[in-house]
Amino acid sequence: MSSNAAGVEPIKIGFLTDYIAGSAAIDDKTIYTQPMELVFGKGFESGVIHRPIELVSRTVQGLPRGNVRAVIDAFGELVDEGCLAVIGPGISDNAIPLRPEIERRFRVPAISVCGSEEWLGKWTFVLPNGSMTDEPIFWAQMLKKHGHSTVGLLIEQAYIGFNYADNFRRAASAEGITILAEETVSQTGQDVSEVIARIHRTGAEALVHCGFGLGHAGINAALDELGWDPPRYIGTAFETAFNEHLWDATRGWIGLEQYDEGNQVAQQFLDDYETAYGHRPAFYAPLLFRDLATVVLHGLAGAKPLSPRGVRESLEQLKMLPAACGSAGTRISFGRFMHRGWVGSRYLVARKLDADGKELGQYWKSTLVDRFGDE
């Protein structure tokens, strides 16, 4: 976005992407850029903020396929360019080692969507696209609600996988679910045939996958070889399936997402998006980045002065902003010692891929299964 006719310099906001998926069915503009630019543009036009906002982007391959150093260096480049805040990174394995560098060197507020509370600090905020503490509770509650009492656990060999598993053990115990088997799998999706066979021999009624998502790539194929079709649950790793490469691997899984058709804030935003861009991406990502941009917009509007510290202190004063993510009534609030923004449990819902999604090329097309908190 360029500056206006009066020559006012735009406010720079960084956007750090730390995962390159390769070819995808959904372009980055649909997922990230256009939702944020729509929010920022409307905010400027309506007078919420009196200077235009410019997105400055960096895309690097962090973990699990790349390395943390690339993420730290990219964040530094955004700070050097004068960004007052940064949206990203998004993956816990990258965010956690970045946080000390933000506190020590960069001192610019950063808002992530990662699921780890270890990211939270003086300069670091989160609107988590899921949570390694919340998602396991949802899995356990759904297992009980769906009548299952035993489960086999698949754990990706990485920080995310082990953290999910630790929390699921507690949640399963609380709901009376017995874990009959725990097996580790590669985070990058290698052969799991023998692992699945071992779990099958235990008599487990259902499967739960703990991890980023690539580790579940071969599970459906291994199940087909055994002729076994158990109920299977996955977290927001479900969203890695929204492309031609992992759609078949995720078909039949109940996974966690943030799109709920009943949220009218989401529907109004999708109406505006469709008017602006000519299509309607009804899934979590455009809504999540709408919410992130809304938080940044209001953080900038209240900053006194318009500096990294001013933005941080303004973010801490944001209360009860209506969210497009989650079920109706989801809100966003921050505070001086509360840098995790979702209020309540309904920012997550459970969904299942629709059978015709691949044929239509709408890999995100899915059906609502459950709302967190519904009895």
Side-chain angles (χ1 to χ4, degrees), residues 1-5 8-17 24-59 78 83-88 90 109-113 125-127 129 239 242 257-303 306 311 314-315 318 320-326 328 330-332 334 341-342 347 362 364-365:
M1 183 183 296
S2 61
S3 59
N4 66 11
V8 175
E9 182 180 322
I11 302 168
K12 291 183 178 180
I13 295 297
F15 174 47
L16 175 52
T17 303
I26 316 160
D27 64 274
D28 287 350
K29 287 184 177 180
T30 296
I31 297 174
Y32 310 124
T33 312
Q34 290 175 339
M36 291 191 287
E37 289 182 343
L38 185 59
V39 170
F40 292 151
K42 285 183 174 291
F44 180 52
E45 292 166 8
S46 65
V48 173
I49 194 165
H50 300 293
R51 293 169 64 175
I53 299 171
E54 176 186 351
L55 272 178
V56 182
S57 298
R58 289 289 186 279
T59 300
L78 292 170
C83 295
L84 294 186
V86 176
I87 295 171
I111 308 174
S112 177
V113 300
F125 297 75
V126 69
L127 288 182
N129 175 222
E239 297 156 355
F242 296 171
E257 228 244 40
Q258 291 187 279
Y259 173 62
D260 187 333
E261 297 89 336
N263 185 334
Q264 292 307 305
V265 177
Q267 297 308 318
Q268 181 59 62
F269 175 73
L270 290 172
D271 288 346
D272 293 342
Y273 186 101
E274 188 170 18
T275 298
Y277 303 117
H279 61 115
R280 192 180 187 88
F283 67 105
Y284 83 99
L287 306 179
L288 180 57
F289 283 89
R290 175 268 179 201
D291 285 348
L292 287 161
T294 299
V295 163
V296 169
L297 174 69
H298 288 277
L300 293 172
L306 196 57
V311 174
S314 177
L315 288 171
L318 297 184
M320 292 296 172
L321 292 174
C325 283
T330 300
R331 300 275 174 159
I332 302 167
F334 292 114
W342 304 125
Y347 74 99
Q362 297 176 8
W364 60 87
K365 190 171 180 288

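One-based numbering along the sequence shown. The structure displayed is predicted, hence computed values, not measured ones.
Between Leu300 and Leu306, the closest heavy-atom pair is O-CD1, 3.8 Å. Residue Pro281 comes nearest to Leu270 through the heavy atom pair O-CD2, 3.5 Å, listed as atom of the first residue, atom of the second, then distance. When all heavy atoms are compared, the tightest approach of Glu9 to Arg51 is O-NH2, 2.8 Å. Of all the heavy atoms in Glu261 and Gln267, the pair that sits closest is O-NE2, 3.3 Å. Taking both residues in full, the closest heavy atoms of Ala110 and Gly88 are given as CB-O, 3.9 Å, listed atom of the first, atom of the second, then distance. Across Leu78 and Leu16, no two heavy atoms sit closer than the pair CD1-CB, 4.0 Å.
Side chain of Thr330 to main chain of Gly326: no donor-acceptor pair is present (N/O by atom type, distance under 3.5 Å, no hydrogens or angles). Panel note: side chain Thr17, backbone Thr59; no donor-acceptor pair is recorded below 3.5 Å. The backbone N or O of Ala324 lies less than 3.5 Å from a partner atom in the side chain of Asn263, making a donor-acceptor pair.
Between the CG atom in Leu55 and the OH atom in Tyr32 there is a gap of 13.0 Å [rounded to 0.5 Å]. Atom-to-atom distance recorded for Cys325:SG and Glu257:CD is 8.5 Å, nearest 0.5 angstrom. Distance check, rounded to the nearest 0.5 Å: CG of Asp291 to CD of Gln258 gives 8.0 Å. Between the CD1 atom of Ile332 and the CG atom of Leu127 there is a distance of 5.0 Å, given to the nearest 0.5 Å. Rounding to the nearest 0.5 angstrom, the gap separating the CE atom in Met36 from the CG atom in Leu297 is 13.0 Å. In this structure, OG1 on Thr294 lies 7.5 Å from CZ on Phe269, to the nearest 0.5 angstrom.
Under the 6.0 Å cut-off for aromatic ring centres, Tyr259 and Phe283 do not qualify, their centroids lying 6.0 Å or more apart.
Side chains of Arg290 and Gln34: a donor-acceptor N/O pair is absent below 3.5 angstrom, by distance only.
In this structure the side chain of Leu321 never reaches within 4.5 angstrom of the side chain of Arg331, judged on heavy atoms. With a 4.5 Å cut-off on side-chain heavy atoms, Pro35 and Tyr273 count as touching. At a threshold of 4.5 Å between non-hydrogen side-chain atoms, the residues Val56 and Phe15 do not count as touching. Side-chain contact between Leu315 and Ile111 is present, with heavy atoms from C-beta onward closer than 4.5 Å. Looking at heavy atoms from C-beta onward, Glu37 lies out of side-chain contact with Ile53 at the 4.5 angstrom threshold. Annotation: side chain of Pro109 is in contact with side chain of Phe125 (closest heavy-atom distance under 4.5 Å). A heavy-atom distance below 4.5 Å is not found between the side chains of Thr30 and Tyr277. Using a 4.5 Å cut-off on side-chain heavy atoms (C-beta onward), Leu288 and Leu292 make contact.
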Using atom types as modelled, flag every donor-acceptor pair under 3.5 Å from a side chain in residues 42-49 to any protein atom, sequence neighbours excluded.
residue: Ser46; atom: OG; partner: Lys42; partner atom: O; Å: 2.8
residue: Ser46; atom: OG; partner: Gly43; partner atom: O; Å: 3.3

Using the side-chain hydrogen bond (donor to acceptor under 3.5 Å, both in side chains) rule, take Asp272 and Gln268 through it: C-alpha gap first, then chi angles, then the decisive distance, then the call. CA-CA 6 Å; Asp272 293 342; Gln268 181 59 62; 3.1 Å; yes
Is there a side-chain contact (heavy atoms from CB on, under 4.5 Å) between Ile87 and Phe289? Walk through the geometry before answering. CA-CA 9 Å; Ile87 295 171; Phe289 283 89; 4.2 Å; yes
Working for side-chain contact (heavy atoms from CB on, under 4.5 Å), residues Asn129 and Glu239: CA-CA 10 Å; Asn129 175 222; Glu239 297 156 355; 2.7 Å; yes
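By the ring-ring contact (aromatic ring centres under 6.0 Å, His included) test, Tyr347 is found to be paired with Trp342, residues two or more places apart in sequence or in another chain being considered.
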